[in-house]
Amino acid sequence: MTGKGTIYSFVIAHPPVLPPFAGKTPLPIVLVQLEEHPSLRMIGNIVAGGGELAIGARVEVAFSDVTPEVSLPVWRILP
Amino acid sequence: MRSTGAAIVGIGQTEFSFNIGRSERTIALEAIRAALDDAGVSPREVDGLVRFNMENTTEVEIARNIGIPNLRFFGEIGYGGGGACATIGHAAMAIATGRASVVVCWRARNRSKAAGGRPWEATGMKVGGDGQFSAPFGLVRPVDQIAMVARRHMYEFGTTERQLGAVAVACRKHAARNPNACKREPMTLEDHAASRLVSEPLRKLDCCLETDGALAVVVVSAERARDMKNRPALILAVSQGTGTEHVVMTNYHGPRFLETPSVECARDLFAAAGVQPKDIGCAQFYDAFTPLVILSLEEYGFCPRGEGGRFAEGGRLEWPDGELPIDTSGGGLSEAYVHGYNLIVEGVRQIRGTSTAQVADLELCLVTSGAGVPTSALILARA
């Protein structure tokens, strides 16, 4: 797996949200279709500073360390 | 045209309210007693109870409090709002197989924090099951899950926010005629477009109300129904369905992202009833969010895939002149949100001829339950 994919759909969440997300709204949440396995889609967040958020935008995986034990995949929108 | 051999002969409900101030048990009992009175049946004749898993009141507390001496059939349907119509289906099957003769199905909801509040608000810091792949990223609320589908539907088919608004406006117009509806003040497409964003592309007025209230129905055999005081609503067919790749509220994986379990449910429903979508004069579509109505129009066969948005335009969903009046009591969007049970009761009123937005000469009414989750639906007919 190359860690690349395309945005298949997305939402932008506004309040009310759960407390851990309260400071992060408006929060984009994307559904990423993986390049090597188009029928498998992953829900995730995007890294700030990438390209424009849109269906069809190309993305690349990165990892965000939430705790010393837990890392979550996040997506950088390619320019 | 075929039938399950069972009919709904009693309906009852409490008022709907944003703060009803009584326990779920109290309002459940009020609605059940009202439905039995409406049917002209004594609680002592009830021998079956069916509930769905959104329901917090239990069979034993209902039996104890209304005085059921011999409760011999009871069951619970899963999958939240998807299970509403299935309760009627299980009641009809119990009657057809001789396991029960008078079955009551009900739903009572008090949304207050004391009673548990919204289910998504109870999400903890550790999430297992299917939710572990969505909740850590903030995709928690039902509205977020349906917004994900709505965005893709817009992308593939050109569905617009204005078309979603047309669904909300139709429901509000019907609620305005219904004295029991919680939201009756006029709403325009502009009001919809100006309402606050909740989960883009969805706005507040794309979302159902959060209300309290209880409803109940009484089901008996069609044969017995002939001798009872109300015009019976014959239950032609009830179906349940689930998708093959289903995760939470959406087919996230595979080629069927935009299809909900209503596809399977609709296929079985019309086959079992021996009727076609064109025979349906009125539909009570589950409307927790406006895009669910757009999808249901497509999946229950009222228009081709992708054309649900266009179907919603131009007043085609509005009573009295629309081609397919929907949610004629105002639905979840404007009457009350009780996980679709008000849609079943309104379907019965349409068959009886007592709706506040009564469709003239109605023969068949479709009622659907939560689209997006494993679901159920039924068709009611004039006996």
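Basis for what follows: all heavy atoms, side chains included, without hydrogens, waters or symmetry-related copies. Just so you know, these numbers come straight off a predicted model, no measurement behind them. Throughout, a chain's letter reflects where its sequence line sits, starting with A, and its residues are numbered from 1.
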Rounded to the nearest 0.5 Å, what separates atom [atom1] in [X] from atom [atom2] in [Y]?
X: B:Phe257; Y: A:Ser39; atom1: CZ; atom2: OG; value: 13.5 Å
X: A:Ile55; Y: B:Met154; atom1: CD1; atom2: CE; value: 10.0 Å
X: B:Tyr155; Y: A:Tyr8; atom1: OH; atom2: OH; value: 9.5 Å
X: A:Ile29; Y: B:Ser134; atom1: CD1; atom2: OG; value: 9.0 Å

Can a donor-acceptor pair be found, under 3.5 Å and without considering hydrogens, that links the side chain of [X] to the backbone of [Y]?
X: B:Arg141; Y: A:Val17; value: no
X: A:Ser9; Y: B:Arg151; value: no
X: A:Arg41; Y: B:Gly254; value: yes
X: B:His253; Y: A:Leu40; value: no

Closest approach of B:Phe137 to A:Leu27 (non-hydrogen atoms, all atoms of both residues):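 Minimum heavy-atom contact is O-CD2, 3.8 Å.
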Residue pair A:Asn45 / B:Pro136: nearest heavy atoms and the distance that separates them: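 Minimum heavy-atom contact is OD1-O, 4.4 Å.
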Given that the side chain runs from C-beta out, which part of [X] has a heavy atom under 4.5 Å from chain B: side chain, backbone, both or neither?
X: A:Phe10; value: both
X: A:Val30; value: backbone
X: A:Leu18; value: both

Based on non-hydrogen pairs under 4.5 Å, which of A:Pro38, A:Ala13, A:Pro20 is most in contact with chain B?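 The residue among A:Pro38, A:Ala13, A:Pro20 with the greatest pair count is A:Ala13.
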Heavy atoms only, distances under 4.5 angstrom: which of [options] has the most pairs with chain A? Name it, please.
options: B:Ala135, B:Gly138, B:Pro201; value: B:Gly138
options: B:Val140, B:Leu197, B:Thr123; value: B:Leu197
options: B:Leu139, B:Val143, B:Val149, B:Leu202; value: B:Leu139

Side chain to side chain, A:His14 and B:Arg196, heavy atoms closer than 4.5 Å: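 The answer is no, as the side chains (C-beta and beyond) never meet within the 4.5 Å cut-off.
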Would you say that B:Trp120 contacts A:Pro16 through its side chain, given a criterion of any heavy-atom pair below 4.5 Å between the two side chains?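 SC-SC contact between B:Trp120 and A:Pro16 confirmed.
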Tell me whether B:Glu185 at atom CD has more than 12 heavy atoms from other residues, nucleotides or ligands lying less than 6.0 Å away.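 Enclosed: over 12 neighbouring heavy atoms sit under 6.0 Å from CD of B:Glu185.
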Other residues, nucleotides and ligands only: do more than 12 of their heavy atoms fall within 6.0 Å of OH on B:Tyr79?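 Atom OH in B:Tyr79 is not crowded, with 12 or fewer foreign heavy atoms closer than 6.0 Å.
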Go through it in stages, so that I can follow the logic: the residues are B:Phe133 and A:Ile43, the test is side chain to side chain contact (heavy atoms under 4.5 Å, CB included), and I'd like the CA-CA distance, side-chain angles, deciding distance and then a yes or no. CA-CA 7 Å; B:Phe133 302 107; A:Ile43 296 158; 5.5 Å; no
